[in-house]
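Just so it is clear, the values below take in all heavy atoms, side chains as well, and ignore hydrogens, waters and symmetry mates. Each chain gets a letter, A, B and so on, in the order the sequences are listed, and its residues count up from 1. The structure displayed is predicted, hence computed values, not measured ones.
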2 protein chains.
Amino acid sequence: MKLSEKSRSRQDYLKAILSLELNGAKVSTTSISEKLKTKPASVTGMFKVLSDLGLIEYIPYRGAELTKPGRTEAISLMRKHRLWETFMVENLGFKWDEVHEIAEQLEHIESKELIDKLDAYMGYPSFDPHGDPIPDADGNLCDRRKLVQVNMLKQGDTASVQGVLGSSDTFLRHLGDLGIRLGLVFTVMRVFEFDGSIQVEFEDEDWNMKEMTWSKKLVEQLLAELK
Amino acid sequence: MKLSEKSRSRQDYLKAILSLELNGAKVSTTSISEKLKTKPASVTGMFKVLSDLGLIEYIPYRGAELTKPGRTEAISLMRKHRLWETFMVENLGFKWDEVHEIAEQLEHIESKELIDKLDAYMGYPSFDPHGDPIPDADGNLCDRRKLVQVNMLKQGDTASVQGVLGSSDTFLRHLGDLGIRLGLVFTVMRVFEFDGSIQVEFEDEDWNMKEMTWSKKLVEQLLAELK
DNA sequence: TTAATAAATTAGGCATGACTAAAACGCGCA
DNA sequence: TGCGCGTTTTAGTCATGCCTAATTTATTAA
């Protein structure tokens, strides 16, 4: 009996459980069965399996809860789902509403290497095209509420680059050319709007003066955390 | 009974059968069982299913043969496998020997849109990193023997662009900037080598003069068919 | 405290796709 | 023609993960 084996089904259950937990809802067999379009009786069966695998804490008639390993696995699935969605929208030109179904399949591809390289290829985006945060390789989520768009910064603000909302090839190349990378700490020297585009002048850690002059939309794509 | 459903297993069998047919080998239960690491008895069972689905012609004790729909499906899998391998090597920076296992998973992703967009994203490569031809969206294979590398063309040759051997981002962008696209018909005006790099001057259908000046390796990546 | 109701579990089946063991086939060679 | 051996098929199991129907548990209201 290969109880250690991952399966599509088990992964779908873990994802559904994480989703309910994040909503603060009780993880009951009914709620899961609704999410997965199965029947409560089937959920009971799977809860036993997941419990035996140490992925959930399951008390009959009381519901289930992810354990540490279970949560790690579920977050890894969320990461894969959102990175693939981002790739399809930003690189392949899909519309944001066309990618969910395909990402449901892609998230089950087993290869940490693949997803980490895809992450790097896209410039480590912090949010997917729906605006949901993408967990990093260690499973950490970026809290959007703490971030501001670069065009909202004021003179004298010091902040660090934390993410990119939407990360098309050209935009990322542009950022790279300017030496703008994730984690860069900078101080805003001047912000002004001119003829429909926004210009931000800033100084980086090495006291080098840089500037961005983009359409308003492009500047808004760059997220930073105030220091 | 949902006999029309595609399954991972069935697809693996179709691929194995195609592979043996391309080698000119007889498609026996034993040979398939060796390829798929199952037992001949299991193959017999699956042959019946595939036969009922109209994907193979199966005569007990005689072996199996792909039908038209079966072959189409198998070639689509080959296309997906090779395109994903190409993507992983050319765009994500994998080594050519690291990608097979992952492509075995990716080839089962069901979405014609996805694979066609990935194909376009990479510039419609004709060969994968192992040098095997990639079927196009209609299942047509490119016969490598009929193609020549652009640096082998001589003054006055007329040819059409048929493929790119390896298609890194930068290389493809470069080609795009020059207006070089799949199917472009052109006539070579001048070829010469200078200081380790090769220069090809050519005229396209609209009589515009263009030139490529690249390292020898880059020019060799571009494949064309003589007219 | 108990009865009613909603939710969860158990019991028993079914389809898929693997397996083993045993029987049937096919082909080469005497 | 017929024997024998390797290949193939049949028969019967097993695990996964789903289902329905019947039972059990928890909770709420009288």
Check whether any side-chain N or O of [X] sits under 4.0 Å from OP1 or OP2 of [N], and answer yes or no.
X	N	value
B:R62	D:dT9	no
A:Y13	D:dC18	yes
A:T38	D:dG17	no
B:R10	C:dG17	yes
B:K37	C:dA18	no
A:S9	D:dC18	yes

Among the nucleotides [options], which one has an atom lying closest to any side-chain atom of [X]?
X	options	result
B:S42	D:dG17, C:dA18, D:dA21	C:dA18
B:T44	D:dT10, C:dA24, C:dA18	D:dT10
B:Y58	D:dG17, C:dT9, D:dT9	D:dT9
A:T29	D:dT9, D:dT27, C:dT9	C:dT9

Could you tell me the separation between the [atom1] atom of [X] and the [atom2] atom of [N], rounded to a whole number of Å?
X	N	atom1	atom2	value
B:R8	C:dA15	CZ	P	24 Å
A:K39	C:dA7	NZ	P	15 Å
B:Q11	C:dT16	CD	P	16 Å
A:I59	C:dT9	CD1	P	11 Å

For the pair B:E21 and B:R71, find out whether any cationic side-chain nitrogen is under 4.0 Å from an anionic carboxylate oxygen.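 So B:E21 pairs with B:R71 through a salt bridge.
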
Is any side-chain N of the basic residue among B:D52 and B:K48 closer than 4.0 Å to the acidic one's carboxylate O?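 No salt bridge links B:D52 with B:K48.
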
Let me know, please, whether A:Y61 or A:P40 comes out on the 5' side of the other along DNA chain D by nearest nucleotide.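 Per heavy-atom nearest nucleotide, the more 5' residue is A:P40.
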
Do A:Y121 and B:N91 have side-chain N/O donor and acceptor atoms under 3.5 Å apart?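 Result is yes, a qualifying pair exists.
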
Of all heavy-atom pairs between B:L77 and B:E107, which one has the smallest distance, and what is that distance?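 Minimum heavy-atom separation between B:L77 and B:E107: CD2-O, 3.4 Å.
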
Plane angle bin for A:F87 and B:F87 - parallel if under 30°, tilted between 30 and 60°, otherwise perpendicular: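 Ring orientation, 0 to 90° scale: tilted.
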
